[in-house]
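A short write-up of the structure that comes next.
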Amino acid sequence: MKYDFLTIERKWQEYWDSKKTFRVPDAETKQKFYVLDMFPYPSGAGLHVGHPEGYTATDILCRYRRMKGFAVLHPMGWDAFGLPAERYAMQTNIHPSVTTGRNVDTFRRQIKMLGLSYDWEREVNTTDPKYYKWTQWIFLKIYNSWFDPKEHKARPIETLEHELAAHGTKNLEIEKHFTSDDWKNKSKKEKHDFIAQFRLAFVAEIPVNWCEALGTVLANEEVAEWTEKGYTVERRPMRQWMMRITAYSDRLLEDAKELDWPVSTLEQQRNWIGRSEGADVEFQVKGKAEKIRVFTTRPDTLFGATYMVLAPEHSLVDAIATPDRVQEIQKYRKETAIKSDLERGTEKEKTGVFTGGYAMNPTTGKEIPIWIADYVMMGYGTGAIMAVPGHDDRDMEFAKKYNLPIIKVVDGGSNAPECFVEDGIGINSSNNEVSLNGLPTPEAKKTIAAWLAKKGIGKATVQYKLRDWLFSRQRYWGEPIPIIYLEDGTMKAMDEKELPLELPSLEKFQPSGTTESPLALATNWINVVDKETGLKGRRETNTMPQWAGSCWYYLRFIDPKNDSAFCDATKEKRWMPIDLYVGGSEHAVLHLMYSRFWHKVLYDLGYVSTKEPFVKLRHQGIILGEDSRKMSKSRGNVVNPDDVVKEYGADSMRLFEMFMGPLEEMKPWNTRGVEGVFRFLNRVWRLFLNEEGTLDTSIQDVTPTIEYERLYHQTVKKVGDDIDGLRFNTAISQMMIFVNETMKLEVRPRKLLENFVLLLSPFAPHLAEELWEKLGHPKSTAYEPWPVYDEAKCAESRVEVVLQINGKIRSKVTVAKNTSDVELERLALDDANIKRYTDGKRIIKRIIIQNKLVNIVIAG
RNA sequence: GCCGAAGUGGCGGAACUGGUAGACGCGCUGGACUCAAAAUCCAGUUUGGCUCAAACCGAGUGGGGGUUCGACUCCCCCCUUCGGCACCA
């Protein structure tokens, strides 16, 4: 009988489904193991061959761990909010929930077709109001929290109110302080506005990336993706929701050290956070009250600051500019405003305009000109710099172009380049109060920082590149933000009990025509009256970005049907943290940073028990087309999993994707390779079953030979170890070796072959279940104990020992294992080939490694 | 430019803590079975020399140098590919 994979696979998928084989109860005494796949966005195109790679890998591990006696949590769901469904709705007026539902059905069918062992009772969908109720709930928790710098964690906003009522702003790091009495005398609106600036979710007027064609703003990190697709993105100031992820900069950095993640991903996150140590310094503007604050990583070069540069958008520009310069400044500002950050970056030559104003270098008291230039960014540091052209490449370039003075204040030795940016020895840096001359850079930094602090014009600080997270989108198809703007100018968060705030259904899915989302057109939904105060209010029309739902879905899987909490605390403790998280490296900084941030807020507020959600992370590599190029429709090299499964079966598909090479590597698809593993599965089939489809007579209860038993134990060991190490390719080769050897036998020991079926079952579960049944076992392989190997029986009894002359192999001998050094040496020296080299030569040295080699070093 | 990862047969890839490079699979070559083909099975397959063959000898893990009895593995320099960042003061 032929290996009829279509029938077999359908049969076992139905079996697993109807018996709920992979359902995992929460209360169990077994050790827990939580393995998570990044859940997909269910696009209209269906699954591509890239998806099953990671899913198969985790599936093999999960099936293996179940057999090893673990309680395995392995869920799947849908990250289903997103722009494509909304754009489709604009064209067709079909509600996004309809298309989303269709796409989810396709994805679910395709995933089930691969025999992946998910617990389908835990399926979640981010667009389900029962799910996004809790996304909104977490939003409110974040909104109703502030970051307490003393405790270095998020705390409920009431604690800030209590603090202000008790101590005023005494313990807060802000510019303008007030007392507790001042606080009590403030109006509702004043209090509201003051508190608002401390919330972890807040509204700010900031320059954003507005995309007219999409009708929405984009996060900085999303811009590249859309400009690559040909969309135009411009900078414009807008009121937007932000999340204060910057408060967590150093904790995100610090806690990353404990994570078992790919180094490149950790590195990317580190760069993204971009911590740099330096100092803030204040420069007095000549003849004005204004002071300019700058951040510098090289405060030791302060004596060499010969001019200053403000970002064109800097708020002090108008105050500093002299009347004769105003026109030119306006022109320059206009020019830079239309440039995107990207264009500003690719500009070859630096440009700038003198403001007419001067500042004092605090160390020398000298007047230095203040310029504006777009090589200084408003978004980093203070948006202003002190320019030290002697020791900064950019400042040097600018100074040369505009003939600004250059002073050397760090000695870099005789070979130092014209612009020396490294650490060196301070020179030309002294005044009546402080001298950096002769000091190595690190000491000079400390000395000047102390001086700045004493003078009250600066202090050592730390800056981060990380910016706050732009959290709102002008879209319909996202979670509504549960905030109401009241007519008294205050904002009111909805009560938790009122959640979910569901999306209204729209007649037409059209852009609002303004910068608001299409929700602005749902007048009935938008206008509300506050029950508490009777004030009229208007709902927030922005929705959350797609990242919101995926920030916490791993928690919902733990308790997906809970109506009274996002996740039961006991269950959370049972399953968290995630033991293995597998997904694409394209999420290295976005999803993986945002969800760590949310997790830490939830941790601070006491809702989760671990600091980090994902202890171990791995990325699956990209699967390229057969031509070794990226798969794309236009290249016509896309491989569809449906076709592969139809032709070779899901087991072959799974096996091939794992056999291609290391999980994390990028590798090309190869249809011949699928045929190769398909042949292997056919061999396995024929190993067990004859033409009639009954058990082959060669399988008998016999004692295996020592050699065959050894191979068996080696195979059990290697397959298990390799699954744990996610080295599926080598596990498969070992099984192939085992099968090749077994094929040679005329009589095949039944017990060992039965166990082999179990070894194969995580990889090719359908085939394994079928064979297991034919072998007379009524129960599924899913919870059969994993075969145990005997270490002693893995060891070879005879080993080949290499005989070398000066490190080159000249002969080999096969000896009993653990043959003594003395005996090995004797064998080597007696060996005919070795003798040819040693005859008449002086032996200088003998190196003997037991069970490995003898190396004889001879003179000449 | 900076940061990170990686370079092994015709191809995908193996190789434990420095100890037999090329496991396993694909492809290819030859053979068996067949009227024939497919499927299957057997043998061979890094490369060069000598050879009917074996034995033997030489070269070989991107390139160059080094450490070592011995290097795909460790160190230095360079090249290439991929990924990320991009005036971050």
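Naming: A, B, ... by sequence-line order, numbering from 1 per chain.
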Sugar-phosphate, base or nothing in reach of A:Ile809, heavy atoms under 4.0 Å: sugar-phosphate

Touch class at under 4.0 angstrom, heavy-atom based, for A:Ser585 against every strand present: nothing

Counter-base of B:rC52, judged by Watson-Crick or G-U geometry with both distances under 3.5 Å: none

Closest listed nucleotide, where the reference is the side chain of A:Lys350 and the choices are B:rC24, B:rC87, B:rU20: B:rC87

B/S/- contact track for nucleotides 42-51 of chain B, protein heavy atom under 4.0 Å: ----------

Sugar-phosphate, base or nothing in reach of A:Tyr837, heavy atoms under 4.0 Å: sugar-phosphate

Sugar-phosphate only, base, or nothing, as touched by A:Glu800 at under 4.0 Å among non-hydrogen atoms: base

Sugar-phosphate, base or nothing in reach of A:Lys812, heavy atoms under 4.0 Å: base

Sugar-phosphate only, base, or nothing, as touched by A:Pro662 at under 4.0 Å among non-hydrogen atoms: sugar-phosphate

Glycosidic conformation of B:rG10, taking syn as within 90° of 0 and anti otherwise: anti

Six-ring centre of A:Trp272, A:Arg596 cation under 6.0 angstrom, axis tolerance 45°: no

Complementary nucleotide of B:rG18, counting Watson-Crick and G-U pairs under 3.5 Å: none

Touch class at under 4.0 angstrom, heavy-atom based, for A:Ile849 against every strand present: base

Nearest-Å distance for atom pair CD/C1', residues A:Glu741 and B:rC24: 13 Å

Whole angstrom value for the distance that separates C1' of B:rC3 from CD of A:Gln268: 10 Å

Presence of A:Asn682 side-chain N/O under 4.0 Å of B:rA39 phosphate oxygens OP1/OP2: no

Selection from B:rA89, B:rA23, B:rU40 that lies nearest to any side-chain heavy atom of A:Arg686: B:rU40

Sugar-phosphate, base or nothing in reach of A:Asn729, heavy atoms under 4.0 Å: sugar-phosphate

Sugar-phosphate, base or nothing in reach of A:Gln804, heavy atoms under 4.0 Å: base

Candidate nucleotides B:rU40, B:rC87, B:rU20, ranked by approach to the side chain of A:Met377 - the nearest: B:rC87

Please list, pair by pair, any protein nitrogen or oxygen found under 3.5 Å from a nitrogen or oxygen in nucleotides 26-28 of chain B.
from	atom 1	to	atom 2	distance (Å)
B:rC26	OP1	A:Arg679	NE	3.1
B:rC26	OP1	A:Arg679	NH2	2.8
B:rG27	OP2	A:Arg679	NH2	3.2

Sugar-phosphate, base or nothing in reach of A:Val263, heavy atoms under 4.0 Å: sugar-phosphate

Touch class at under 4.0 angstrom, heavy-atom based, for A:Arg727 against every strand present: nothing

Nucleotide B:rA14, atom C1' - distance to CD1 of A:Ile737 in whole Å: 10 Å

Selected nucleotide, minimal atom distance to A:Lys808 side chain, candidates B:rA59, B:rC41, B:rG19: B:rA59

